[in-house]
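Convention: sequence-line order gives letters A, B, ...; per-chain numbering from 1. Computation of the quantities below employed the complete heavy-atom set of this structure, encompassing side-chain atoms and omitting hydrogens, waters and symmetry-equivalent molecules.
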Amino acid sequence: MKYIILIISSVLLLCATPLYAQLDSIQKLEEVILNDVKLNEYAEGYKLIKISDTIIERDSKSLTDALRFNSTIYFKENGYGMVSSPSFRGTNAQQTAVIWNGISINSNLTGQTDFNTISPSSFTDITIRNGGGGTQYGSGAVGGSIHLNNEISFKKKESNDLRLLYGSFSTLEGSFKTTQSKENMYFDLGIDFVSSENDYEYLGTDKKNENGEFSRFNVAANTGYKFKKSTLTWNSNYFYSDRNFSGSITAPAKDNYKDVSTRNLVSWNAKTGKFTSIVKGAHLFERYQYFPDKNKTLFFEGKSNTILGDYQLDYLLNNKIKVSTVLNYTYIKAEGDNIGTNDRNTIAAVLLLKHQINEKWSYGVNLRQEFLNDFENPFLFAVDGKYNASSWYILKGNASKNYRVPTFNDLYWVAGGNEDLNPETSYQAELGNEFHWNNFQILFNGFYIHSKDLIKWQPGEDGQFSPVNISETENYGLEFTGIYSKNFKKHQVDISGNYAYTSAIDKEKDKQLIYVPFHKITGLLNYSIKQFSAYYQILYNGEVFTTTDNSNTLESYSVSNLGLNYKIKNKLSPIKLGIKINNIFDIYYENVAYRPMPNRNYQLFLNFKF
Amino acid sequence: MKRASKIITMKRTVFSEHQVTNLSNSFGHLKLLKRVTYLFIASLLLASCSSDDDNNVVEPLGDYENGILITNEGPFGTGSGTVSFISDDYTINDDKIFNDVNGTDLGNIVQSMGFSEDNAYVIANNSHKIEVVNRYTFETITTIEGLNNPRYFVAIGTNGYVTNWGDPFDETDDFVAVIDLANNTITSKLSVSFGPEKIMESRGNIYVAHKGGFSQNNIVTVINAESNTVVSTIEVGDVPNSMVTSEGDLWVLCEGNPNWAISESNGRLVKIDVDTNEVVQAFDFELIEHPINLTIDGTNLIYGLDGAVFSKDTASTSLPTSSIINGFFYSLTANNGMLYTTDAGDFASNGTLKVYDLVSNAEVQSMEVGIIPGGVYFND
């Protein structure tokens, strides 16, 4: 069956994307440009999970929800819509990289991406890459990375999408996206916003979620031109969010937080013979403002600007071996009320090799060395391989060394910042099995991650908290993904599920890390008949520890959602309408201790295409 | 984030066992001390039994009489603090006694506790309230609300006084709340300089040390407890963090401005004559020395500095140069020849109470307590 593995036909399901054609086909100017070229080309031995449009549509107002219900990633959310931190394979949020069109966008200040500051519907492709990606994506890609892509496609197309949603707790969502493209030109513009009072009641109490209102506004524009032998693309994103921070059962709150980010990336891609050159320039801006009292004018601010230049040269040695070299320069300037003004220069040199030995075997080797910045940057490597054992079984494996550089907060925070910090480093290995039968797909992965010199804020002899490279962790676990899809006559049934077992041990204490569940399960059942479809989502989140000595725990919970959709067929402008009931059993649960999550709630939506 | 250091100046209450312990304390050896104490108590009980005609044994005042109470702030961010009870003989160690008795949480950041007669006033700083409980049974009596970042409590006569930061970023809204202890309601709020922290009573006056909240202050406010008015402010040193009284003197320990402040300043130990409310003596530390946690054992002033504990006699004319105990402690509380220390560990797990004998300076007990143990009190 050539090199095409089975892809689940239904877009209703998680799709594995390891599409791979013969290498020479990669060298053609693509109809579809993905600026994150490394994602699919140099990841033979990695598990990639694509989050489909349908999944995003079900949870369009929250990337946290979309991933929480459809992947093995665990999220720690400080009350619904508040700061949301992922834990990927038991690592922390700073060890999970978020990659926007090939560029890491984790905050230079906090080191992490708050998943409630991402507008999921503004991307055409969201992919979860499991495992270390430090050689390709730099700092922070330890447990895994989430890739947010805007594909630019040179196919004739004109589409307009309008979506309106109204839900409980005065939740309002709207988005509009227009896409215009032809053989040599592409343009899309998307605008979306969400606002919510988010004042759900705390079940079993007379309290409600005070001070939890949030709103979010996002504009994204993507443009591309195709010349004879090259393409030029521009990705642009503006994001603004204004949130009050929820109180908890024991403490009221009155604080407010505002985020702004802008991202611009220009990329020029040219092919000459066996060489392909990619030149990139990007600017990233992030700013937060924290208001301790939303009714007062006092606030604390931090911001950073990143300028990045990147040159990638791909060389096709023959139709079996491809080599890429990347030279990257990054300049970061960060300033804030608590960190002063500081900057950082980094030069990174990367070598990527992929070798398709034969139809069954392929492997890749990646190396990275950074220069210039103030740390002792470790030399990073990754090796991965794939074996197509049979038409129904693929074995994958990878091993890598990854790192995370200290954040500007870690280095310069007043008081406590420590300028002598070094990067955290981690070694990991993974083995993956993929089984494909007619309607079945099963992924079964085991991983091991050993991290050391982890940065931890701890009190010193004078009682002052300060970060030090002290912790060591050992994570191991199993991930299981199963997908079943069946079509008969007018009926379509899709079932999928994920299970993850994660052990993440603090070596110093020999205890499980806080807020890492041993067990997490997600499930989805979808049934469609003609224009009608119904789905049921379930999430089981195992018990987590809330103290480092594992003396306190937060109970496990399972929460279920139910959705009904109906399509009104209309050639010119099809309309889809639907209802979703979240937490149908109206259970009380906390995702972070003392912060209740929403009770049963409803949302109604309308999608127009014209 | 700047953290406030904690100690609690104990309130002495005189009960029979207290005197027993005082007596036996002179032996200075714990095992012997304990044995003697038991014998003494046993003989008292026997005596009281035999002298009572109607064979009524003295009813204990509650499960938590005769022991140590510890306020545990609880985890940062969300959650609830707790109060631990450890019996005098260290055989009982109950964490979260308030939850056990009342079935509810105390509140976020249990900062400290104060006492008046049979009542304990437990301050939940970030829940902006005081839980009033019976100090021996820990049964809830009422909740005092209307506070704003309450810190410490002291009672004198029928009034209680609570320091409040107000909005920690606003240096003009700080106050001392006056509570009528008969009905546990706030009767007035006295506006004071910013960052009021520890509060003590001496000879009819209330003394408030202004540590300065998230910033730094350098004064002690004197409040007349008859008129409930501010009668004077005394400049001490930068960041007064703890106070003790001794023979008509108020000793104030100032930690100095930290090195990240606009200008770092030295720690200072100050003696105030409470009759004149004037500074009569001051001892300066080195510029980079920032002492904390002043407590007193007899005439020995005890404090923590740079990972060690020092002891200075009130009469001595210089600061000590050598330490008596090594270790960084979150709080220090001396009582009857023993030093009760708490260690908050990594501030995200259960802490430890360690007890040292102040004659031998040896550790004699170590008990696990709650998360971030900040205050030690004696319920005798």
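- Judged purely by atom type and a 3.5 angstrom limit, B:Ser349 has no side-chain atom pairing as donor or acceptor with the backbone of A:Thr547.
- Chosen from B:Asp306, B:Leu305, B:Asn350, B:Asp167, the residue pairing most often with chain A at heavy-atom distances under 4.5 Å is B:Asn350.
- For the atom pair CG of B:Asp346 and OG1 of A:Thr548, the computed distance is 3.5 Å after rounding to the nearest 0.5 Å.
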Run A:Phe299 and B:Phe169 through side-chain contact (heavy atoms from CB on, under 4.5 Å) and show every step you take. CA-CA 10 Å; A:Phe299 66 89; B:Phe169 297 102; over 6 Å; no
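- Residue B:Lys96 places its NZ atom among 12 or fewer non-hydrogen atoms of other residues, nucleotides or ligands, all under 6.0 Å distant.
- If you check the side chains of A:Tyr594 and B:Asn108, you find no donor sitting under 3.5 Å from an acceptor.
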Test side-chain contact (heavy atoms from CB on, under 4.5 Å) applied to A:Gln464 and B:Trp260, step by step: CA-CA 11 Å; A:Gln464 176 63 54; B:Trp260 48 267; 3.4 Å; yes
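- Interface summary for chain B: among A:Ala253, A:Ser248, A:Gly247, A:Ala251, the most heavy-atom pairs under 4.5 angstrom belong to A:Ala251.
- Taking OG1 from A:Thr250 and CG from B:Asp105, the interatomic distance works out to 7.0 Å, rounded to the nearest 0.5 Å.
- Only the side chain of A:Phe300 comes within less than 4.5 Å of a heavy atom in chain B; its backbone stays farther off.
- Other residues, nucleotides and ligands contribute over 12 non-hydrogen atoms within 6.0 Å of the NZ atom of A:Lys296.
- Nearest heavy atom pair, residue A:Pro252 against residue B:Ser127, reads CD-CA, 4.3 Å.
- Surrounding CD of B:Glu264 are more than 12 heavy atoms belonging to other residues, nucleotides or ligands, all under 6.0 Å away.
- In this structure, A:Glu590 CD and B:Thr78 OG1 are separated by 8.0 Å, a value rounded to the nearest 0.5 Å.
- Contact annotation for A:Lys511: neither backbone nor side-chain heavy atoms come within less than 4.5 Å of a heavy atom of chain B.
- A heavy-atom distance below 4.5 Å is found between the side chains of A:Asn552 and B:Ile371.
- Shown here is B:Glu363, whose CD atom has more than 12 heavy atoms of other residues, nucleotides or ligands within 6.0 Å.
- Looking at B:Asn126, the atoms closer than 4.5 Å to chain A (heavy atoms on both sides) sit in the backbone and in the side chain alike.
- Only the side chain of B:Asp170 comes within contact range of chain A, with heavy atoms under 4.5 Å apart.
- Other residues, nucleotides and ligands contribute only 12 or fewer heavy atoms inside 6.0 Å of the CD1 atom of B:Ile288.
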